[in-house]
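Numbered from 1 within each chain, the chains take letters A, B, ... in sequence-line order. All heavy atoms count here, side chains included; hydrogens, waters and symmetry mates do not. In this text, all values refer to a predicted model and were calculated from it rather than measured experimentally.
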Amino acid sequence: EAGVTQFPSHSVIEKGQTVTLRCDPISGHDNLYWYRRVMGKEIKFLLHFVKESKQDESGMPNNRFLAERTGGTYSTLKVQPAELEDSGVYFCASRATALMNTEAFFGQGTRLTVV
Amino acid sequence: QKEVEQNSGPLSVPEGAIASLNCTYSDQGSQSFFWYRQYSGKSPELIMFIYSNGDKEDGRFTAQLNKASQYVSLLIRDSQPSDSATYLCAVNKGDFGNEKLTFGTGTRLTIIP
């Protein structure tokens, strides 16, 4: 069974450009999460989808970030326009159910560098 | 005060010894607690979770939870070089159906052969 896959693995863009990150969750997982780790800091929650609906987007830094999950399958996270402080590793995770103790499986992350 | 605190390390432990990793959390309403292991450049992978006070054992790993002290730990017995990684403590917060993980910064563990 394929795990959570993220594309691209690395992205280097200039300040002001747009970048779109993609996450393919494990098939059948309704719950999809985006997290981010900025250099030297902890992994922080950004957003939670249940199927195609945003359950919680309280962690999104500002309106330059837009997440979508069309059809409840893969998800994209767009940053427009990118700023230097957006650099970090963006992780996607998926979970089968909303039960409290079910495991969230993480992708390998997309390392975003804004220069 | 950070919501989840871990000693960043690095923690060096001789091969075959017990590695002890500690974590404290600030939200008394936290329900469940997770330990993830992350190798450099790889995805975090779940080692164990615990939600009841006391110990939970799985192979060489034992998680300990003390909700009164808001403390959770991970013990690794018979440490192996392959255990060298960053260990992330995470707390599950949020209402039912809206759980999300709050992480500590991680403890870097090195097992010395």
Heavy-atom pair of closest approach, residues A/G107 and A/F91: O-CD2, 3.5 Å
Heavy-atom pair of closest approach, residues B/L101 and B/F103: CB-CE1, 3.7 Å
Option that, when pairs with chain B are counted at under 4.5 Å, heavy atom only, ranks first among A/I43, A/V89, A/V4: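 Answer, by heavy-atom pair count under 4.5 Å with chain B: A/I43.
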Most contacts with chain B, counted as non-hydrogen pairs under 4.5 angstrom, among A/A104, A/G109, A/G59: A/A104
Chain A contact via B/Q38 - side chain, backbone, both or neither, heavy atoms under 4.5 Å: side chain
Please look at [X] and chain B and tell me whether the side chain, the backbone, both or neither of the residue comes under 4.5 angstrom of a heavy atom of that chain.
X     : value
A/A93 : neither
A/Y35 : side chain
A/R37 : side chain

Residues A/Q108 and A/Q6: side-chain donor-acceptor under 3.5 angstrom: no
Test: B/E3 and A/K44 ion pair at under 4.0 Å: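 Between A/K44 and B/E3 there is no salt bridge, as every charged N stays at least 4.0 Å from the carboxylate O atoms.
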NZ or CZ of A/R22 within 45° of A/Y74 ring axis and under 6.0 Å: yes
Largest heavy-atom contact set with chain A, pairs under 4.5 Å, which of B/A90, B/G104, B/P44: B/P44
Common cluster, A/M39/A/L84, ILVMFWY with side-chain heavy-atom separation under 4.5 Å: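 No, separate clusters.
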